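A short worksheet on the structure shown next.
Letters A, B, ... mirror the listed sequences (proteins, then strands); counts begin at 1. The figures here come from the full heavy-atom set of this structure, side chains too, leaving out hydrogens, waters and symmetry mates. In this text, all values refer to a predicted model and were calculated from it rather than measured experimentally.
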Amino acid sequence: MGKIVKVLKVISSLALFVGIWELIVLTGRYEPSLLPSPVKVLEGMGELVKDGTLITHFKVSLSRFITGYAMAIITGISLGLVLGYNKKVWEFVEPVVQLLRPVSPIAWFPFIVLWFGIGDVPAIIIIFIAGFFPTLLSTVSGVRKVDPVYLNVANNFGIRQPHLLFKIILPAAFPMIANGLHIALGTAWVFLVAGEMVGAQSGLGYLIIDSRNSLRSDLVLAGIIFIGISGLVLDRLIKLL
Amino acid sequence: MYISIEKVSKAFTLKDKSTLTVLDKVDLYIKEGESICLLGPSGCGKSTLLNLIAGFDTPSTGTIKIDGDTVTQPSIDRIVIFQNYGLLPWRNVIKNVELGLEAKKLKRKERRRIAEEYIKLVGLSDYKKHHPPQLSGGMQQRVALARALAVEPKILLMDEPFGALDAMTRMHMQDEIERIWQEKKKTIIFVTHDIEEAVFLADRIVIMTPSPGRVKTIIEVPLPRKRDRTSLDFLKIKDKVFTEFNLK
């Protein structure tokens, strides 16, 4: 019963949103290229699905995303474990991290193009930067918040490195690391699209730029909706872990 | 003497650079197989002394020797049981008990066999696959006990092990410790502020006073085991302890 109510709520919320949108389009006499109607956008979505454009771009985006995100979590977690465990080294590194963290990954774009050229790599690097900092910071704080009792117990039973890391510290810090991975996923997905808008010739972000260039605002909105849906699906998927 | 604690002092430097003396020239000698209770109000340094014997910390001055060797670091020969159990919540009961065995070079099957034996000893065979948060406090402390005993330490150090348990469970756990102590013949040092617990379990009760922590007196408890908490002799010793703390 509760589930049905929940689904009904979601449907009615979306329906209301689309209804208001349609009403604005009908009453406002806007130029269709400035505000396409929901029907037009739905047709556009159908078009993108049917001719295979969507799936091609989605596949490209997803493979970039997986590569960049995997790189971010592998380096973020391994560096985070080391830095979280070595308090002195972390104190030394932290100022630099805090300085770089608030910089949007897109700001690095000029350098990224100079260093890595164009193609898949710039988008991957941008996703990497976007996912790296949340993962690193949550891992460091997760490791530092490991209950000292666990360390005493390990010490007492003669558990030394590297077992200490894998048997005690990593599992103890895991809930916090998982939280960081979740945040990193959302951030990385946001910047995937941004990265593809400035540097790529394919992918969901490029789809939007391409549609704009051919003055198809219905396809722009269709692309936006697809990006939203796939981001949501990814978010739900990682929550299952 | 098996464990000799000679002129041990421990001072901590506080944030304002002043020093706090927690233990002041403590002398204590413990025989092998003895059950010793460190009893006193909070701040008397009893937990600090236990940590020093465990090797989690080193004395500022003085030495602690066990079987002739000075204690400098923790050892699997003397396992600490903590008030909050120190179980790993991501491991189930049997995996928790196996933790200490993993550092020893044992085959997986052998590890499992030993772990099961000790889980049986503490009466938790039906809960092998449970995770610590699913168990009651008393059961969690039994798991910690099984984990400690599984590595066959010579000495058990218990830091207010039943402090978080309700009165009834606490007495059951005391019975349990008594039974295991009889069966396994370990040297036990435990910290408590529960007078009855001390009289029930200890061969000798070391009474400590705070600021700075010192040994005030040592009371022998020459009662036969298993002790009757309501017998006259038991109450007489309890009386003596109360007198020492000026609680009469």
Flag if over 12 foreign heavy atoms under 6.0 Å of CZ, Phe12(B): yes
Checked Val153(A), Ile159(A), Val149(A) vs chain B; the most non-hydrogen pairs under 4.5 Å come from Val153(A)
Minimum heavy-atom distance Ala103(B)-Gly158(A), with the two atoms named: CB-O, 3.6 Å
Contact part of Leu101(B) toward chain A, heavy-atom cut-off under 4.5 Å: side chain, backbone, both or neither? neither
Counting only non-hydrogen atoms closer than 4.5 Å, does Ala172(A) touch chain B with its backbone (N, CA, C, O), its side chain (CB onward), both, or neither? both
For chain B against chain A, give me the donor-acceptor pairs closer than 3.5 Å, one per line with atom names and distance.
unit_1: Asn156(A); atom_1: OD1; unit_2: Val80(B); atom_2: N; d: 2.8
unit_1: Asn156(A); atom_1: ND2; unit_2: Ser75(B); atom_2: O; d: 3.1
unit_1: Asn156(A); atom_1: ND2; unit_2: Arg78(B); atom_2: O; d: 2.9
unit_1: Lys167(A); atom_1: NZ; unit_2: Glu102(B); atom_2: OE1; d: 2.9

For Phe174(A), does the CZ atom sit with more than 12 other heavy atoms under 6.0 Å from it, leaving out its own atoms? no
Is it the backbone or the side chain of Val80(B) that comes under 4.5 Å from a heavy atom of chain A, or both, or neither? both
